[in-house]
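Quick note: numbers below take in every heavy atom, side chains included, and nothing from hydrogens, waters or symmetry partners.
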Amino acid sequence: MKALARILMAPARLFSIGATLLFMAGASISAVAQDAGAPQTEAEAEVYNTSESAYRLTTLHENLNFPWSLAVLPDNSLLVTERNGTLVHLAPDGELLSRFEPPIDDIWVDGQAGLFEVTLSPNFRNNQHLFLSYACGTANANNTCLAKFTWNGETLTDGQVIFRALPAKRGSAHYGGRIAFMPDNTLLLTLGDGFDYREDAQRVSNHLGAVVRIEQDGRIPTDNPILTSRESKAEIFTYGHRNVQGIAWHPEQQRMFISEHGPRGGDEINRLRSGANYGWPLITGGVDYTGALITPYQQLPGLTDPEFNWTPSIAPAGLAIYYGDMFSEWHGDLLVPALAGKHVARLRFYPNEQTPAVSPVTPGNGGGNSYNLQPEERLFTELNQRIRDIRVHPSTGALYLLTDSANGTLIKVTNRK
C-alpha cells in the first residue's frame with residue numbers, strides 16, 4: 001500500500017495527458033442523417049467463412065448517425081440510439097417505423113457526449129420500462145445520467161432521471177454509459193474517468209471511473225460494498241476504471257464481465273468483484289497517447305488485475321456473451337466489438353491446464369482464477385468498419401452489429417443454413 005501512496009503523491013507529470021483524444025473519440029458528431037432506403041434482402045447478403053463458422057451479413061438499415069446501442073423489443077422490432085440524441089424504432093426487417101428525440105431536458109451532445117445505451121427492464125413485458133444513459137449538462141458542467149421511461153409502443157413517456165454522476169466536469173470524453181442487470185434485478189451503470197480527471201478514478205468520494213449499482217427506481221441497495229472513505233459515494237460498486245463501455249452477465253460463470261478502454265495499449269476484460277479497485281491510473285498495460293509513461297506499474301498489491309488485456313489497443317466498445325442455437329459452437333464465448341481494431345474479438349474460457357500455448361495477446365491472472373480467457377478469432381474484419389455494439393437476439397441467436405460513423409449501419413448476422 002505504500003507504493004499506492006507514492007504514486008498518488010507523485011508529480012503531475014506522471015499523469016500527463018496526451019493531446020490525441022481522437023484516437024478513441026472518432027469524428028465529431030454531424031447533423032442528423034437522412035432516413036435509410038430499402039433494407040438489403042437476405043438474397044443480396046454475402047456469406048463469409050471463419051475458422052469455425054459460416055455466416056451471412058445483411059444490412060438492415062443505413063445512414064444512422066453514430067449509432068451507439070440497440071435493444072430488441074418483444075415484438076422483434078428494434079430500438080437504436082444515435083449519439084446525436086435520437087432514438088430510432090425499426091421493424092424486424094430494418095424498415096424505419098419512427099425516429100424521435102426522447103424527452104430529455106439536458107442532454108449534452110459534443111465529441112463523445114450524447115445519447116448512449118437503451119436497455120429494457122428485466123420485467124419489460126409487464127411494466128414496459130426501459131432505461132437510457134446519456135451525457136447531461138453543459139460544456140462546462142456535465143457528466144453521465146440515467147433515466148427511466150415507459151414505452152407505449154410508439155414513444156417514451158413518464159421520464160424520470162434516477163441517477164446523475166458527480167461531480168459535474170468539463171470536457172466531452174469518457175462517459176462509460178453501458179447498463180446491465182444483476183440476477184437480483186439491481187442495475188449496474190458503467191462510468192468513465194472524464195479523460196482529464198483520471199486521478200479521480202481512485203477517489204471514491206466521486207463517481208468518476210466507477211461502476212455504480214442502484215435499484216431500478218434509483219434507490220441505493222442496502223448491500224452495496226462499504227468502501228474505506230467516510231465520504232465515499234454509496235452507489236459505487238467498483239472503481240479504478242478508465243472508460244468501461246461493455247458489460248454483460250455470464251450465466252454459467254455467474255459473474256459480471258466488463259470491457260474497458262485502456263490508453264495507448266492496455267485495453268482490458270475484467271470480472272467485477274464488489275468493492276474492488278481496478279487500478280487506473282496506478283496500474284496499466286498502456287502508455288499515454290503521446291508515448292509518455294503513465295505509471296511504471298502493471299501490478300500492485302490491493303489492486304485487481306485484468307482477466308485479459310490487449311496491447312496494442314483494439315478499443316473495445318461493448319460486450320456480449322453468446323448463447324443461442326444459431327452459432328452454438330460459440331456457446332458461452334465473449335464477443336467484444338472493437339473500434340480501432342475494426343472487428344469483433346471472440347474469446348473463450350479455458351481451464352488453466354488447457355490454455356493454448358500460443359497467444360497473440362496477454363492474458364491476465366484474473367485474481368487467481370482457475371481459468372484463462374484466450375482469443376479464438378477476429379470476426380467481421382471484411383466489413384472494415386469501426387464496430388460500436390453487438391447484441392444477441394434473445395430467441396433466434398442472430399447477432400446485430402452497429403458500425404460507428406456518421407453513416408452508421410445496422411447489420412444482422414445469421415448462419416447460412
Side-chain angles (χ1 to χ4, degrees), residues 4 8 15 112-113 116-117 119 131 133-137 142-147 161-171 173-182 186-216 218-249 255-263 266-284 302-306 316 319 367:
L4 300 185
L8 286 172
F15 301 106
Q112 294 179 6
F116 303 136
E117 183 93 294
T119 304
F131 300 85
S133 61
Y134 56 98
C136 52
N142 65 80
N143 214 312
T144 306
C145 279
L146 179 67
V161 178
I162 62 171
F163 175 80
R164 181 182 295 265
L166 298 172
K169 46 80 180 174
R170 295 174 59 90
H174 290 197
Y175 292 91
R178 294 293 184 189
I179 303 166
F181 293 94
M182 300 286 281
T186 56
L187 182 152
L188 296 181
L189 173 67
T190 74
L191 301 171
D193 67 352
F195 190 78
D196 286 331
Y197 304 85
R198 59 191 183 195
E199 297 93 334
D200 284 330
Q202 287 297 314
R203 299 185 177 113
V204 293
S205 58
N206 67 77
H207 294 122
L208 294 170
V211 174
V212 295
R213 175 175 176 250
I214 58 175
E215 303 285 356
Q216 294 184 43
R219 291 179 295 116
I220 300 171
T222 57
D223 58 347
N224 264 5
I226 299 174
L227 303 177
T228 54
S229 171
R230 288 182 295 179
E231 299 177 350
S232 64
K233 296 293 185 184
E235 298 92 347
I236 292 178
F237 188 69
T238 62
Y239 64 105
H241 302 288
R242 185 171 181 268
N243 190 20
V244 180
Q245 288 196 328
I247 185 167
W249 175 256
R255 295 163 173 165
M256 189 72 74
F257 289 89
I258 60 170
S259 66
E260 183 168 349
H261 288 281
D267 296 339
E268 297 179 355
I269 297 291
N270 283 297
R271 174 166 71 90
L272 290 189
R273 298 166 170 87
S274 177
N277 180 354
Y278 290 80
W280 174 256
L282 304 178
I283 58 173
T284 180
L303 303 182
T304 303
D305 296 336
L319 177 63

Q.
Please evaluate residues Val244 and Asn270 with respect to the criterion side chain to side chain contact (heavy atoms under 4.5 Å, CB included), reporting the C-alpha separation (whole Å), side-chain torsions for both, the decisive distance (0.1 Å), and the verdict.
A. CA-CA 10 Å; Val244 180; Asn270 283 297; over 6 Å; no
**Q.** CD1-CZ distance between Ile236 and Arg203, expressed to the nearest 0.5 angstrom
**A.** 12.5 Å
Q: Looking only at non-hydrogen atoms, find the nearest pair between Gly262 and Arg242 and report the distance.
A: O-NH1, 2.6 Å
**Q.** Spacing of CG belonging to Leu303 relative to CG belonging to Leu282, to within rounding of 0.5 Å
**A.** 6.0 Å
Q. To the nearest 0.5 Å, how far apart are CG in Asn206 and NZ in Lys169?
A. 12.0 Å
Q) Between Gln112 and His174, is any pair of side-chain heavy atoms under 4.5 Å apart? A) yes
Q: Could you check Leu187 against Ile179 for side chain to side chain contact (heavy atoms under 4.5 Å, CB included), going step by step and ending with a plain yes or no?
A: CA-CA 7 Å; Leu187 182 152; Ile179 303 166; 3.8 Å; yes
Q: Identify which one of Glu231, Arg230, Lys233 satisfies the side chain to side chain contact (heavy atoms under 4.5 Å, CB included) criterion when paired with Ser205.
A: Glu231
Q: Consider only side-chain N and O atoms of Gln202 and Asn277, and report whether a donor and an acceptor are under 3.5 Å apart.
A: yes
Q: Going by the side chain to side chain contact (heavy atoms under 4.5 Å, CB included) test, name the single residue among Thr304, Val211, Val212 that passes it with Thr238.
A: Val211
Q) Measuring from Ser274:OG to Leu272:CG, what's the distance to the nearest 0.5 Å? A) 9.5 Å
(Q) I'd like to check Met256 versus Leu188 (side-chain heavy atoms, cut-off strictly below 4.5 Å). Are they in contact? (A) yes
Q: Could you tell me whether a side-chain N or O of Asp200 sits under 3.5 Å from a main-chain N or O of Asp193, the two making a donor and an acceptor?
A: no
Q | Residues in side-chain hydrogen bond (donor to acceptor under 3.5 Å, both in side chains) contact with Asn243, at least two apart in sequence or another chain | A | none
(Q) For Glu117, give me all partners under salt bridge (charged side-chain N to carboxylate O under 4.0 Å, His left out), at least two apart in sequence or on another chain. (A) Arg178, Arg391
**Q.** Gap between atom CZ of Phe195 and atom CG of Leu208 - 0.5 Å precision
**A.** 14.0 Å
**Q.** Test item: Thr190 and Gln245 side chains (from C-beta on) under 4.5 Å apart, heavy atoms
**A.** no
Q | Expected output: side-chain Asn224 to main-chain Arg213 donor-acceptor under 3.5 Å | A | yes
Q | Closest approach of Glu260 to Pro316 (non-hydrogen atoms, all atoms of both residues) | A | O-CG, 3.6 Å
(Q) Going by ring-ring contact (aromatic ring centres under 6.0 Å, His included), name the residues that satisfy it together with Tyr239, two or more places apart in sequence or in a different chain. (A) none
Q) Is there a donor-acceptor contact under 3.5 Å from the side chain of Thr186 to the main chain of Glu215? A) no
**Q.** Student check: side-chain heavy atoms of Tyr134 and Val161 closer than 4.5 Å
**A.** yes
**Q.** Residues that Arg170 engages under salt bridge (charged side-chain N to carboxylate O under 4.0 Å, His left out), provided they are two or more places apart
**A.** none
Q) Are any side-chain N or O atoms of His261 and backbone N or O atoms of Asp267, one a donor and one an acceptor, separated by less than 3.5 Å? A) no
(Q) Quick check for you: to the nearest 0.5 Å, what is the distance between Arg271 atom CZ and Ile269 atom CD1? (A) 13.5 Å
**Q.** Listed partners of Tyr278 passing ring-ring contact (aromatic ring centres under 6.0 Å, His included), at least two apart
**A.** His241
Q) Can any side-chain N or O of Glu235 pair as donor or acceptor with the backbone N or O of Ile214 at less than 3.5 Å? A) no
**Q.** Ala201 versus Gly209, closest heavy-atom pair with distance
**A.** CB-CA, 4.1 Å
Q. If only atom types and distance count, is the side chain of Thr144 paired as donor or acceptor with the main-chain N or O of Tyr175 below 3.5 Å?
A. yes
Q | Derivation and outcome, side chain to side chain contact (heavy atoms under 4.5 Å, CB included), residues Phe131 and Leu189 | A | CA-CA 11 Å; Phe131 300 85; Leu189 173 67; over 6 Å; no
Q) Step by step, would you call Phe116 with Leu146 a side chain to side chain contact (heavy atoms under 4.5 Å, CB included)? A) CA-CA 10 Å; Phe116 303 136; Leu146 179 67; over 6 Å; no
Q) By ring-ring contact (aromatic ring centres under 6.0 Å, His included), which residues pair with Phe237, not counting sequence neighbours? A) none
